[in-house]
*Asks:* 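Have a look at this one.
Sequence lines set the chain letters: A, B, ... in the order given, protein chains first and strands last, and positions in each chain run from 1.
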Amino acid sequence: MDIAALRAEQLQRAAEVVRQDDFDVLPPRFIGGADVGFEQEGAVTRAALVILEYPSLKLVEHRVARIATTMPYIPGFLSFREYPALLAAWNTLERKPDLLFVDGHGISHPRRLGVASHFGLMVDVPTIGVAKKRLCGRFAELGAEPGSRQPLIDKGEQIGWVWRSKARCNPLFVATGHRVSLDSALQWVQNCMGGYRLPEPTRWADAVASNRTAFQRWQNAL
DNA sequence: GCGACAG
DNA sequence: ATCTTGTCGC
């Protein structure tokens with residue numbers, strides 16, 4: 001792995017990211033959620049993809065793919081570590097989503113190519129990055145009220161929104177992944193909330209990926 | 001040189 | 001990311 005080469009690739013691909021709304025279907029009929037985790041001390045990469053129907057936000061499909069891990073975690077290069085498993089899961093989907101929420105940053109990245117942007121470009125689907133922590137950029141302190149938001153600024157440009165989705169919870173970092181504007185990205189995330197800190201697509205992907213109790217209960221209820 | 005650093 | 005129960009607080 002050659003970090004300098006990967007950095008050059010990021011700069012080249014970042015120039016291809018579409019930062020404006022460019023949907024094939026409006027409003028989206030199916031919204032996806034993507035999450036990646038690791039097993040066996042990092043040797044195995046596990047990607048989960050879920051599809052929810054909009055606006056009911058009902059889970060209609062879920063897939064999990066496991067592959068051998070190819071790269072270590074290096075801040076700023078997360079997408080190269082996660083996309084192989086995401087692609088594997090993506091190829092098993094019966095229906096492709098009209099819009100996809102990816103766990104991680106979009107253009108709110110040092111070179112404007114977080115995993116949401118990188119993967120969105122690879123499969124040419126509108127994506128939104130929903131991250132739980134800041135990677136780069138600065139923002140003014142948020143109000144305590146849910147709904148409070150501030151632009152995330154880096155090198156003089158807005159690269160995302162910092163948004164408090166719920167009271168007494170740390171804010172979310174929402175940004176354009178690909179083919180979705182910054183304002184629309186935040187709007188769609190707001191449209192997919194179900195009373196928790198994370199939007200439903202992301203939350204379900206998390207649940208499926210970690211096989212948590214809520215998901216098991218849902219599956220057994222069939 | 002010193003800190004920061006998605007998952 | 002992952003290892004992991006109960007517990008404090010709204």
*Asks:* Between Phe119(A) and His178(A), is the ring centre distance below 6.0 Å?
*Replies:* no
*Asks:* Nearest whole angstrom, please: distance from the P of dA6(B) to the CD of Glu82(A).
*Replies:* 12 Å
*Asks:* Is the ring centre of Tyr73(A) less than 6.0 Å from the ring centre of Phe38(A)?
*Replies:* no
*Asks:* Round to a whole Å and report the spacing from CD of Gln40(A) to P of dA1(C).
*Replies:* 18 Å
*Asks:* Under the salt bridge (Lys or Arg N to Asp or Glu O under 4.0 Å) rule, what do Arg13(A) and Glu16(A) come out as? Steps first, then yes or no, please.
*Replies:* CA-CA 5 Å; Arg13(A) 301 191 102 139; Glu16(A) 285 150 38; 5.3 Å; no
*Asks:* Any side-chain N or O of Arg168(A) below 4.0 angstrom from OP1/OP2 of dG9(C)?
*Replies:* no
*Asks:* Can you list, in residue-number order, the parts of residues 106-126 of chain A that come under 4.0 Å of DNA chain B, counting heavy atoms only?
*Replies:* His109(A), Gly114(A), Val115(A)
*Asks:* Respond yes when some side-chain nitrogen or oxygen of Lys132(A) is under 4.0 Å from OP1 or OP2 of dA6(B), and no when none is.
*Replies:* no
*Asks:* What is the separation between atom CZ on Phe80(A) and atom P on dG7(B), rounded to the nearest whole Å?
*Replies:* 18 Å
*Asks:* Within the stacking criterion (centroid distance below 5.5 Å, interplanar angle below 30°), does Tyr73(A) stack on dG7(B)?
*Replies:* yes
*Asks:* Should the ring pair Phe173(A) and Phe139(A) be called parallel, tilted or perpendicular, given that the plane angle runs from 0 to 90° and is split at 30 and 60?
*Replies:* perpendicular
*Asks:* I need the CG-P distance between Asp154(A) and dA6(B), as an integer number of Å.
*Replies:* 14 Å
*Asks:* Nearest to the Arg46(A) side chain among dG7(B), dA4(B), dT2(C), which nucleotide is it?
*Replies:* dT2(C)
*Asks:* Taking the minimum atom-to-atom distance to the side chain of Leu78(A), which one of dC10(C), dG7(B), dC5(B) wins?
*Replies:* dG7(B)
